[in-house]
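To start, the structure itself, in structure tokens.
Values below: every heavy atom of this structure, side chains too, minus hydrogens, waters and symmetry copies. One-based numbering along the sequence shown.
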Amino acid sequence: MTSQEKAEQFAGKAPPLNQAERDAINALFPAYIFRRSCANEIWTTCCRRHMVVKDEDMMVTTPERNFPAVMWEPHQREQRNRWDDPPKPTVQCPLCGKMVIVKELRYSGGRDNLSRYRRAVVLRWYRGALWARAYDCGKHYSKNKGYSLTGEPKIKLVGVYRFKPGSVEATTRYWWDYPFGSIERQDGPLVKGHWNIHGPFNANADYGVGYDVIGLEEVQKSPFRYCMVAEAERKTDKLLQFLTACCFYPRQIEMLMKAGMSDVVMDFTERGVKHAAVINWDEPSPAKAFKVPRQDMKTFLGTNRDIRILELYKRLKGHASLEECAEWMSMGLNVHRTAKEAKKWNIPMEKLIRYLHGNVGCARYGGMSSMDAALRYWEDYLTAAEATGYLLHRENVLLPRNLGAAHDEATKKHQAKLERERAAQRREWERQQKEAKAEHDRQVRLAEEKYEERRQKLEKKYGFVMDGYVIRAPMNKDEVLAEGRKLQHCVGGYADRHIQGMTTILFMRKAKKPDEPWLTIEMDGNKMRQIHGFKNEGEHTLKGRFAPDPREVYREFLDAWLDWIEKGSRRDKEGNPKLPKKKGAAA
């Protein structure tokens, strides 16, 4: 027999759902009354009945048969999105008395939005074992899919668990339509912090979605009746892991739950934390389970019964009383962080705790009201003291008598040191900026000195005259700046880059007015990047252009110029551009 067949056979031994359990699953879903007012028909989902309300029924109003309230209650619309408030029950079902939501069929559409899904675990004492069956449940009222308004929920068995003292067996489906896998068994206590038995819906559950438990009263018929399962169900979403623990540690769990230490049990079942330093889980006797003397145990039971008190008491190894440990924990002591700092600075933990206790509510630190806050205040002091060179190997410096005054003094010195460092960094940054500016000015000055040579090369390559227009290079940097001011565009920002040869700026002028700014050109080798006149012709304004694009207006001239550049900027003996003859001209 394969493991899958064994799992299916095991699942078949589980008790089937009885009608009471089915009704309990049905009660997990929102209760509706669907009605058709024109025919006086109602359908109830709580007690799953359909009937026609007669006139004589409408005339008699009793708490058990309040038909008028159902028929006159307005239709409740479903929420349109997840931010809207969902509808709430407003009237009682006249048949079973449950509070219900009223839906008029003619306003309910296809009712696809009324579908709901729930997860349920049903407990039953059956044939000498406590069985838990996990179900995926859905309820639908869709008109298009033929669902009944008074039908039972659709139920799918996805997990079966059997709990006996000293033994747990379970099998689950990996997915909705998958068969059961192998049988998982737990035949011994918790090992390495993990149970072999996991909870239901683990493989196919949405994160954060738990399950409802039905049949908690069945636990009273089992050997786990004293483990306070009902209280555990309210405090954990891992009830089946809790029941697994009950199979192996029933006396210990009973003792802890009745002692008001359910948080210890939850740590054990949810995270595998046994608090083994103070609890012996293999000892069934409550008197011997805690690893402390009887008198100390009596003292502990007089506190709030926080297990961390016992852990701290054991950790300090007799250097503090149990009453002191309880007081420290009540004052917000962070044991883990305090132990870490004590180890870091090589201080006995008990000594550091007493020092922090003496500095709770420090006068110079009004917000401090707990030992954890005192620890953070001391850490803040150490950070400042270490940064300013305090001799922290000395005990009177490491643990100053007046922590508030020492903290303020060290913090003040640390702040002054940081300000000096920031001032030095600021001076260094200013020096670097000054040097960078000086170097930039030097490079610009050298470029200006050599610019005449560059200008002559630009004139040789780009200088052009035709049809009453002239293209020439700027004479100097000031001429570029003047061009930008006159035409009110951004060419002035290109002045240094042009002088240094990082870009090329040219002027297009009218031949009769060669010194009057008109159009400005930026070149990239033989290609024209941009050409603009006054205010860039309004190209970048919200209202759009107020003048046409120069590329289009002077296309014939610009194309002839660019073509001449592309062919090598050829000139005649007098230095004038050599242009091809126009068609139709005399030979």
Side-chain angles (χ1 to χ4, degrees), residues 10-34 42-51 63-65 89 91-101 114-141 147-164 168-173 176 180 199-201 209-234 236-237 239-240 242-243 246:
F10 172 74
K13 295 179 181 179
L17 284 175
N18 56 35
Q19 191 57 49
E21 292 167 340
R22 291 181 179 275
D23 292 340
I25 292 176
N26 184 68
L28 299 176
F29 293 88
Y32 296 105
I33 278 193
F34 296 101
I42 63 171
W43 293 260
T44 68
T45 67
C46 45
C47 49
R48 296 182 290 105
R49 293 181 58 185
H50 167 236
M51 66 179 299
E64 296 79 16
R65 294 272 176 167
V91 297
Q92 284 185 314
C93 172
L95 303 179
C96 66
K98 186 172 183 177
M99 297 300 294
V100 294
I101 299 168
L114 300 182
S115 295
R116 295 291 185 273
Y117 295 89
R118 300 296 294 263
R119 298 183 173 107
V121 169
V122 183
L123 302 178
R124 175 99 67 85
W125 175 255
Y126 181 72
R127 294 182 179 177
L130 182 64
W131 291 80
R133 295 146 292 160
Y135 296 94
D136 262 333
C137 313
K139 202 163 188 186
H140 315 281
Y141 311 97
Y147 289 114
S148 171
L149 296 179
T150 58
E152 289 188 339
K154 306 297 180 182
I155 298 173
K156 178 73 173 183
L157 181 65
V158 296
V160 177
Y161 298 78
R162 181 166 60 182
F163 301 96
K164 294 180 178 180
V168 183
E169 297 172 282
T171 183
T172 57
R173 298 183 192 273
W176 177 273
F180 285 102
F201 318 110
V209 177
Y211 52 82
D212 297 284
V213 180
I214 296 172
L216 277 174
E217 65 280 357
E218 292 289 314
V219 179
Q220 298 303 314
K221 305 175 183 178
S222 71
F224 320 122
R225 64 177 67 91
Y226 303 115
C227 293
M228 302 179 68
V229 178
E231 180 179 346
E233 192 273 334
R234 292 193 298 270
T236 181
D237 58 353
L239 181 67
L240 298 184
F242 176 83
L243 290 174
C246 292

Are the side chain of [X] and the backbone of [Y] linked by a donor-acceptor contact shorter than 3.5 Å?
{"X": "Arg48", "Y": "Asp23", "result": "no"}
{"X": "Glu21", "Y": "Asn18", "result": "yes"}
{"X": "Glu169", "Y": "Arg162", "result": "no"}
{"X": "Arg124", "Y": "Gly215", "result": "no"}
{"X": "Thr44", "Y": "Cys46", "result": "no"}

Answer whether the closest heavy-atom distance between the side chains of [X] and [Y] falls below 4.5 Å.
{"X": "Arg127", "Y": "Lys13", "result": "no"}
{"X": "Arg133", "Y": "Pro15", "result": "yes"}
{"X": "Tyr117", "Y": "His140", "result": "yes"}
{"X": "Leu17", "Y": "Tyr135", "result": "yes"}

Nearest 0.5 Å, what's the [atom1]-[atom2] distance between [X] and [Y]?
{"X": "Lys139", "Y": "Ser148", "atom1": "NZ", "atom2": "OG", "answer": "9.5 Å"}
{"X": "Leu239", "Y": "Leu216", "atom1": "CG", "atom2": "CG", "answer": "6.5 Å"}
{"X": "Thr150", "Y": "Phe34", "atom1": "OG1", "atom2": "CZ", "answer": "10.0 Å"}
{"X": "Cys93", "Y": "Ile101", "atom1": "SG", "atom2": "CD1", "answer": "13.0 Å"}
{"X": "Trp131", "Y": "Trp125", "atom1": "CH2", "atom2": "CH2", "answer": "11.5 Å"}
{"X": "Leu114", "Y": "Leu149", "atom1": "CG", "atom2": "CG", "answer": "9.5 Å"}

Under the rule for side chain to side chain contact (heavy atoms under 4.5 Å, CB included), what residues qualify as partners of [X], not counting sequence neighbours?
{"X": "Thr171", "result": "Ala7, Phe10, Ala11, Val160, Phe180"}
{"X": "Arg116", "result": "Phe29, Pro30, Tyr32, Glu78"}
{"X": "Met99", "result": "Pro89, Gln92"}
{"X": "Ala232", "result": "Phe242, Met257, Met266"}

Problem set entry | Steps toward side chain to side chain contact (heavy atoms under 4.5 Å, CB included) verdict (Val121, Tyr161) | CA-CA 10 Å; Val121 169; Tyr161 298 78; over 6 Å; no
Exercise. If you take all heavy atoms of Leu243 and Phe163, which pair is closest and at what distance?
Worked result: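 Minimum heavy-atom contact is CB-CE2, 3.7 Å.
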Exercise. So, for Tyr211 and Ala120, which heavy atoms are closest and what is the spacing to 0.1 Å?
Worked result: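 What the structure gives for the nearest pair is CB-N, 4.4 Å.
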For this session: For the pair Val91 and Val100, evaluate side chain to side chain contact (heavy atoms under 4.5 Å, CB included) and give the outcome as yes or no after the intermediate values.
Result: CA-CA 6 Å; Val91 297; Val100 294; 3.8 Å; yes
For this session: Using salt bridge (Lys or Arg N to Asp or Glu O under 4.0 Å) as the criterion, list what pairs up with Asp237, not counting sequence neighbours.
Result: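 With sequence neighbours excluded, Asp237 shows a salt bridge (Lys or Arg N to Asp or Glu O under 4.0 Å) to no residue whatsoever.
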For this session: List the steps, then state whether side chain to side chain contact (heavy atoms under 4.5 Å, CB included) holds for Lys154 with Tyr147.
Result: CA-CA 10 Å; Lys154 306 297 180 182; Tyr147 289 114; 3.8 Å; yes
Exercise. Taking 4.0 angstrom as the limit, do Arg119 and Asp212 come out as a salt bridge?
Worked result: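 No, this pair does not count.
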Exercise. What pairs with Trp43 under ring-ring contact (aromatic ring centres under 6.0 Å, His included), at least two apart in sequence or on another chain?
Worked result: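 Partners of Trp43 by the ring-ring contact (aromatic ring centres under 6.0 Å, His included) criterion, ordered by chain and then number, come out as His50.
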Problem set entry | side chain to side chain contact (heavy atoms under 4.5 Å, CB included) between Glu218 and Tyr126, worked out | CA-CA 9 Å; Glu218 292 289 314; Tyr126 181 72; over 6 Å; no
For this session: State whether the number of non-hydrogen atoms from other residues, nucleotides or ligands found under 6.0 Å of Tyr226 atom OH is greater than 12.
Result: no
Problem set entry | Exceeds 12 heavy-atom contacts within 6.0 angstrom, atom CZ of Arg49 | no
